[in-house]
Amino acid sequence: MSTTSPGLLGRTVADPVGRLGLAVSAVLAVLVVTPMVGLVASTLRPTGREAWSDVLTGRLSTSLFWEPLGNSLLVGAVTAAGSVLLGGGLAWLVVMTDAPWRKTIALLATVPFALPSFALALAWETVFRNDLVGGRAGVLADLGVAVPDWIAWGPVPVAATLIAHYFSLSFLLAAAALATVNGELMEAAEMTGATRLQVARSITLPVVTPALVSGALLAFAEGVSNFASPALLGLPVRFQTLSTRLYGAITTGQVERGYVLALLLVGVAATILFASNRIVSGRRSFATIGGKGGRRAVIRLGRSRGPLTALAFALCLSTSVLPGLILLASSFARRTNSFTGGFTTHFWVGESDPSIAQGQRGVLLDPLIIDATLTTVGLGLSVAVGATLLGTAVGYVVVRLRGLAPVTGSLTLLSYLPFLIPGIALGAAFIAQFGRPIGPVPALYGTFALLVIAGIAATLPFAAQAGRSAIGQISRDVEEAAVVAGAGLARRGGRIVLPLASRGLLAGASLVFVNIVRDLSLMVLLVTPALPLLSVLTYRYASEGFAQFANAVTVLIVLLSVGATVLARRLEGPNQPWREAAS
Amino acid sequence: GGGSPTGAGAGAPAAPDPLDSLSTEELLEQARAEGTVSVYSFTSRIAAVEAEFERTYPGIDVVATDISSTEQIARIKAEAAAGSPGADVAYLSDAPVVLDELLDEGLLRNYVPPRVADALPAEFREPLLASRLSTKTLMFNEEAHPDGPPVQNLWELTDPEWNGRVVMVDPQIRGDYLDLMTEIVLRSEEMGAAHEALRGVPVELDEGIESAGEQWIADLYANGVVLVGDTDSVNAAVGARGQQDPPVGFTTYSDRRDNSEENRALQAATEVAPAPGIAFPAMIGLSPDAANPAAARLLVDFLMGDDSETGGTWFEPFYVPGDYPTRDDVTPPAEALPLAELGTWTIDPGASAGVRRDVADLLLTLG
Amino acid sequence: MTGIRVSGLRKEFAPSGTVAVDGVDLEVPTGAFLVLLGPSGCGKTTTLRMLAGLEDPTGGEIRFGETVVAGAGTVVPPGRRDAGLVFQSYALWPHMTVRANVEWPLTIARMPAAQRRERIAEVLDLLAIGELADRYPGEISGGQQQRVAIARMIAPNPSVLLFDEPLSNLDAKLRAETRTELLRVHRATGATSVFVTHDQIEAMTMATHVALMRDGRVEQFGTPAELLADPATDFVATFMGTPAANVLDAVARDGRLTAGDTDLGAAGAVADGTAVRAMYRPESLRLGTGPGPVLHTVFAEVTPLAGRMVVTGVHGDDRISVVLDERPEATHGDPLPVVLPACPDRVFDAATGRRIAS
Amino acid sequence: MTGIRVSGLRKEFAPSGTVAVDGVDLEVPTGAFLVLLGPSGCGKTTTLRMLAGLEDPTGGEIRFGETVVAGAGTVVPPGRRDAGLVFQSYALWPHMTVRANVEWPLTIARMPAAQRRERIAEVLDLLAIGELADRYPGEISGGQQQRVAIARMIAPNPSVLLFDEPLSNLDAKLRAETRTELLRVHRATGATSVFVTHDQIEAMTMATHVALMRDGRVEQFGTPAELLADPATDFVATFMGTPAANVLDAVARDGRLTAGDTDLGAAGAVADGTAVRAMYRPESLRLGTGPGPVLHTVFAEVTPLAGRMVVTGVHGDDRISVVLDERPEATHGDPLPVVLPACPDRVFDAATGRRIAS
Ligand SMILES: Nc1ncnc2c1ncn2[C@@H]1O[C@H](COP(=O)(O)OP(=O)(O)OP(=O)(O)O)[C@@H](O)[C@H]1O
Ligand SMILES: Nc1ncnc2c1ncn2[C@@H]1O[C@H](COP(=O)(O)OP(=O)(O)OP(=O)(O)O)[C@@H](O)[C@H]1O
Ligand SMILES: [Mg+2]
Ligand SMILES: [Mg+2]
């Protein structure tokens, strides 16, 4: 279907996949390119040009850009590596082995991503905080353990908390990919007497490399763009990252500098992306869902069964249950983030009491909450569906159109960018774009539709990466059989591609949902009072210093997120009985 | 051509609008006709205002969106670009940026309700209406220091004794703290005087440093000032009870009202030379092409409080100890020190806007 | 050395409850070449996978030499059985070149690089795929992939060789050659081989022992000649031989065997009323209208074999093949009368399938 | 109706530059059954995929009936060629039950539900997989999967049937039956079929036309009988027939043909000094030490075929098969002297491979 021959463009148009490619490119142009252009444009006005020189060359450039860049790259790289290591390893344990309670582990492993990253930072503080800043110290310090600054603050805790937060990404993608690998590949390796490690390293790993790389890329982007962790754990030792610099520049009214930083971040990410693409597409496409009903092997762990399971649980508990509980507790604590001042249910169900938080009622009594929850869920679902469809299309084109490297390359990049465009910039771009009617389309500004569109754009990275690795698993033959049967692209998509990719796509979709449900920076710019969102409520409370109320709402968000993730996993099961049967 | 970035003529004072001179009652009728008014607010207390307003003026619906000042600025700019204004009224902080990027660009216009005009000092009428002042001031732990503030002079904070024991939010991620630093630079003579008063010698400036204020900042950073991400961290660090020698820190005076709730011992350091911190305005602006011009003005009028001693129920949400109404005919809450005794500098947004960037850059060089 | 002893081997697949292998007993002396023969779905692959250690028996025992490798609680992992396996679905590692695929197992076995290079070259041209060494599995044809799989497995010289239909994708010529090569390898290594196939010609030419499987059970175990010469059941009869023997459903009535309206001759020892299956070797039939009982079939196909012509006619659901010296003048659908000998070559009890001595 | 005309068909694979198909011409009349025969890697599958429309030719033209489906810029998408394809790697849809696999193409073809149910039942028991209808491909054996693939493709009654080695995973019995069934389907539908295999028996029994391929080219095109009776090249000779003809490298010297030290008789028309390949049909050889030229081979294997014994001996790199009536008393490695007839059955020019009339 994709052989180079004269008239490449003509061929592209003739080939339905090619047409799909063009369509997808058009959509991405609207969703991603225009905001980018806007971003660039605003940095080309006089003040912007000044910003460029400030950032890159001026006497400030070192502390404004280069040092934070170094720190960000460090954090990003470590986060990516750590996430892939933990996430991949866990996925392997869950999908490929006979470890007990695999389903439980799988579930727990998806929770951290649903938690807000400040919850993990908070958890870290609760344990490791020392007296550098003052106030009350963490558990260890209370026990008289002298916690060195480098553990309590700076790169180590930042990276650690980010890994704890984002290894779920790698886990979901890797697990999805592993689930589709034909067990006989591993069995063939087992026959040679290779150790489990050797098999995992030389056979399993390379075969799922594309998925792992996707996971790593996401983790990296998240790592460099995350603000909460470096702000909470980095600032006290003046550990500045691009994200703190970027956020700072924007909030202190030096927007152009912020945008310049963002663009540079995009540049960095692009380079990394292309590098990693070379790794992936340099190899052949390792389709693993073949037309031959390949058997699925279960690796017997034998003696290492106990220890490995214990390890996995330790990891999950410390990254999901602990922070989760701390978050929950802090929504009951009388005093902000302090568990010594006693607890109360006031922030959940308390009637208005003027002495507390200016008579703010418990969140469950706040009529807005129901409304906000519904809107939030609705938005989350719509975006999840939309983004997943688009992402699948992108993934499909990228995988199946291997002929045209430039097209696929740029698609990959575009679908990856939104991560690195600051939410506030993206939001502004969408207002500017959809604030006025475009031809027949009325002005979408202030409508639910715009929220959805913006959401799709913002979460495209998840959807596209997931789609790409999921599609990559489907062997050509299986689809060609449908082609011969006369099934058009759409039909194939619905009946063959989506079902076969569903595991990976559902994983992606749940990521999207979670991300939207808790995202603030983008939505807050687009919402109107008519469309209340939970994330906006948390902002409302937080801005007034009602931390407990904010935490309470956050707990709701987490519940939604976890619920969605669980649901996604539930759906996977019945979805793919053939997999269960063959295992 | 409403809404183009320079809609109402950049910089130039907005053309006088007949509505500006109408009395509350006159506004009310027209407002009833309009029936609704939308507002962006940087504080969610707007919800309370909304309720009260709708009770006072039935039939006029307030649509309130609370989003931070930074986001209001971005949003208002974008809306202008798209020609679809989102709100009639903007209630926001970050004064210097607002003046610089919105008012001067004609994206906001000033309106001073005639009813309260006379009660307002000039600096709160022009260039943009200010409804109240909030603070970022030096506070200490009164449990650890029962007999008053541990420092009497800002320069003491640069002494080894306070090394690593001064806490504030990183001025590079929070506008109000940047304003604090800016004000200190603007007040360099006073800073210089305070230095001589404490040390008996004039400040000598390191190279690259141009004023006493800048020198103080440099010394403070060199003295290991601890930067955190949000005021609550500062409050916790400084105020938490049961500490041997707690740090001091710059934070919001009005947060003191949570002391009992949060089991803290926050107290403002008064009689600090030359000043313990700043008071800065929360401002109110009109959209130059507001869809509901009358209702908008009525809401502004409402936000300034009624004619009673305390601004009445209209102003109640903002009538908290530690915040200060700008109207001189409204007496601040008794539980807090009068602004004069607190001794903070009240910033001049216009002046700050000029040097703000340079200060930010200075901070950058300090890391 | 490592003979293979299998007793009561059983495999039931958990979710669906399919019993793929159902009480298999085998006795394979060291260095023997056992062919697991049988129709599709009879449990060959499953049995082989249990020998390899990739599937745990749900019952029974497997011994390699003296050591129990599966059964009675003990399970020796695949890697430690010193056995090599060629998969029915090649299972080549898609991310490795052909060379890498062959090399990896040697690396695992800690063979020094120099030696490895030698050995790889050796097996690659043993299977005539030297020039594909640097291709990826995705870039070579089905048969080529199959050969790579064989090369990969024999490279480390395992002492038990397991093949799952390794030749089914090779052309006749190459298949014949590979057959001889495999036997050479087999003999050279003195390894004990188990070879799964559904092609009884391969069984005939390669096997020292054949186990003909059906529905998870061993129908008959013996040398190829034995199975061919006296099939224990009608199933064996219809499975072995090129062409396979013909069987007709018949019934004994007052001392005669009759198939439909055709008389097949004296019933001999067959008790009256018994339903039987009468077997005729293709060589014992001829075309024509007599003398002797005539079976009216319809021409289906003709196959030239060993200089003769094998004519196949369809009679109801039965396929009747006749060996002739000349190609008959018939095309698809023509009537094809077949003359039967005075009495069947064998008679089997239709119920049990077992032979009835006559 | 739809005959198939292929001219100058060529396929070069982009990255590696492999030329898989290199100028193939075919002329297949409507309703014919063409078998693409050839050794592994010769380009059969690639040719078939181009007919199906899954690969775009890099040269040449394909016509179905009068319409050009590929070539000269035009490319008719696979779905619109009214052709069905069975893949070498089944390519079943793993997430659909067997029934669903068969049903979906019918749904696409907008067949009403009732009719669909009928048709499915029909094809499922045509291929004897009725009871697997509700299993998933992962739960059935290799051969079972292959049959599902066939059922799936014939269900919508396409007017061109393309098969890529559909029988290679079936056991002999089932293969023979399926063969007949396929022919039945083929005739019933009057469809034109192209059938890829490397098993020349299938070619012999099924084909109306055979194209024997080698290295991406068609070596000989004709009826099975033609290819068997007079092979155009030594390659054809060694590929066709069960067992295939034997060829010996020989050279003409002063009027005689000699292979090594063996004299093969008068050179006839062969010019002095030409290197030739002498062909002997297995039936024209016998064992023994004379009279006549003797070839000293080493016993490799013996295969019972059609009541005869095919004995194979190895002579250098050549495999020599002899058809006997009795199983010889020889085991692997024994000397096996073969008596040649007075002169070869055919002589081919070693350089061109073409026949030299004698
Ligand atoms: N994982 C599985 N789950 C359920 N049933 C299975 C599984 N694998 C195989 N079976 C069933 O077990 C039986 C034996 O399968 P097996 O693969 O051993 O057959 P086979 O003899 O190898 O057939 P073929 O020659 O077609 O490969 C078949 O009926 C198959 O459907
Ligand atoms: N995608 C591809 N890229 C490069 N080379 C290929 C590709 N597919 C096939 N080839 C090469 O083209 C040649 C013909 O392949 P093809 O699959 O047509 O052979 P075949 O006749 O079907 O062999 P078999 O009978 O083993 O299936 C082989 O040498 C193969 O290595
Ligand atoms: Mg099998
Ligand atoms: Mg092929």
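Lettering follows sequence order; numbering is per chain, from 1. Because only heavy atoms are used, hydrogens play no part in the values below, and waters and symmetry mates are left out as well, while side chains stay in. Just so you know, these numbers come straight off a predicted model, no measurement behind them.
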S.K.: Which bit of L178(B) is near chain A, if near means a heavy-atom gap under 4.5 Å: side chain, backbone, both or neither?
M.R.: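 The side chain, not the backbone.
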S.K.: Quick one: what part of P246(B) sits under 4.5 Å from any heavy atom of chain A, side chain, backbone, both or neither?
M.R.: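 Neither the backbone nor the side chain of P246(B) comes within 4.5 Å of chain A.
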S.K.: A side-chain contact here means heavy atoms from C-beta on lying under 4.5 Å apart; do V226(B) and L235(A) qualify?
M.R.: no
S.K.: Chain A: which of I67(B), N263(B), N235(B) shares the most heavy-atom pairs with it under 4.5 Å?
M.R.: N263(B)
S.K.: If you count heavy-atom pairs under 4.5 Å with chain A, which of A47(B), S84(B), A240(B) comes out on top?
M.R.: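 That would be S84(B).
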S.K.: Once you round to the nearest 0.5 Å, how far does OG1 of T244(A) lie from CD1 of I173(B)?
M.R.: 7.5 Å
S.K.: Using heavy-atom distances under 4.5 Å, tell me whether L526(A) contacts chain B through its side chain, its backbone, both, or neither.
M.R.: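 L526(A) touches chain B through backbone heavy atoms alone.
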S.K.: Report the C-alpha distance between L60(A) and T365(B) in whole Å, list the side-chain angles of each, state the deciding distance to 0.1 Å, and finish with yes or no for side-chain contact (heavy atoms from CB on, under 4.5 Å).
M.R.: CA-CA 6 Å; L60(A) 308 172; T365(B) 59; 3.4 Å; yes
S.K.: Given heavy-atom pairs under 4.5 angstrom as the criterion, report whether the side chain, backbone, both or neither of D66(B) touches chain A.
M.R.: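 Looking at D66(B), backbone and side chain both touch chain A.
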S.K.: Flag the one option from D179(B), D361(B), D176(B), D245(B) with the top tally of heavy-atom pairs under 4.5 Å to chain A.
M.R.: D361(B)
S.K.: Drop me the distance from I250(A)'s CD1 to E71(B)'s CD, to the nearest 0.5 angstrom.
M.R.: 10.0 Å
S.K.: After noting the C-alpha distance and the side-chain angles of D131(A) and Q243(B), does the key distance pass the side chain to side chain donor-acceptor pair (under 3.5 Å) rule?
M.R.: CA-CA 10 Å; D131(A) 59 5; Q243(B) 304 189 69; over 6 Å; no
S.K.: What part of V167(B) is in contact with chain A, defined as an atom under 4.5 angstrom from a non-hydrogen atom: side chain, backbone, both or neither?
M.R.: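 Contact with chain A is through the side chain of V167(B) alone.
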S.K.: Between V97(B) and G253(A), which heavy-atom pair has the shortest distance, and what is it?
M.R.: CG1-CA, 4.0 Å
S.K.: Test V225(B) against R238(A) for side-chain contact (heavy atoms from CB on, under 4.5 Å), laying out the working first.
M.R.: CA-CA 10 Å; V225(B) 62; R238(A) 313 236 181 122; 3.2 Å; yes
S.K.: Under 4.5 Å heavy-atom distance to chain A, tell me which part of Y177(B) shows up: side chain, backbone, both or neither.
M.R.: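 Nothing of Y177(B), per the 4.5 Å heavy-atom cut-off to chain A.
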S.K.: Step by step, work out the side-chain contact (heavy atoms from CB on, under 4.5 Å) result for L364(B) and R257(A).
M.R.: CA-CA 13 Å; L364(B) 273 174; R257(A) 272 190 192 173; 3.6 Å; yes
S.K.: How far apart are the C-alpha atoms of Q172(B) and T252(A), what are their side-chain angles, what is the distance that settles it, and do they pass the side-chain contact (heavy atoms from CB on, under 4.5 Å) test?
M.R.: CA-CA 7 Å; Q172(B) 307 199 58; T252(A) 57; 5.5 Å; no
S.K.: Can you tell which part of S68(B) gets under 4.5 Å to a heavy atom of chain A, answering side chain, backbone, both or neither?
M.R.: both
S.K.: For chain A, find which of R357(B), R241(B), Q72(B), E101(B) contributes the most heavy-atom pairs closer than 4.5 angstrom.
M.R.: R357(B)
S.K.: Between A249(A) and chain B, which part of the residue has a heavy atom less than 4.5 Å away: side chain, backbone, both or neither?
M.R.: backbone
S.K.: Less than 4.5 Å to any heavy atom of chain A: does that hold for the side chain of A237(B), its backbone, both, or neither?
M.R.: both
S.K.: Quick check on F227(A) against chain B: is it the side chain, the backbone, both or neither that has a heavy atom closer than 4.5 Å?
M.R.: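 Contact with chain B is through the side chain of F227(A) alone.
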S.K.: Can you tell which part of P171(B) gets under 4.5 Å to a heavy atom of chain A, answering side chain, backbone, both or neither?
M.R.: backbone
S.K.: Roughly how far, to the nearest 0.5 Å, is the CZ atom of R174(B) from the OG1 atom of T251(A)?
M.R.: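 With rounding to 0.5 Å, OG1 (T251(A)) is 8.5 Å from CZ (R174(B)).
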S.K.: Just how far is it from atom OH of Y247(A) to atom OG1 of T70(B), taken to the nearest 0.5 Å?
M.R.: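 One gets 6.5 Å once the value is rounded to the nearest 0.5 Å.
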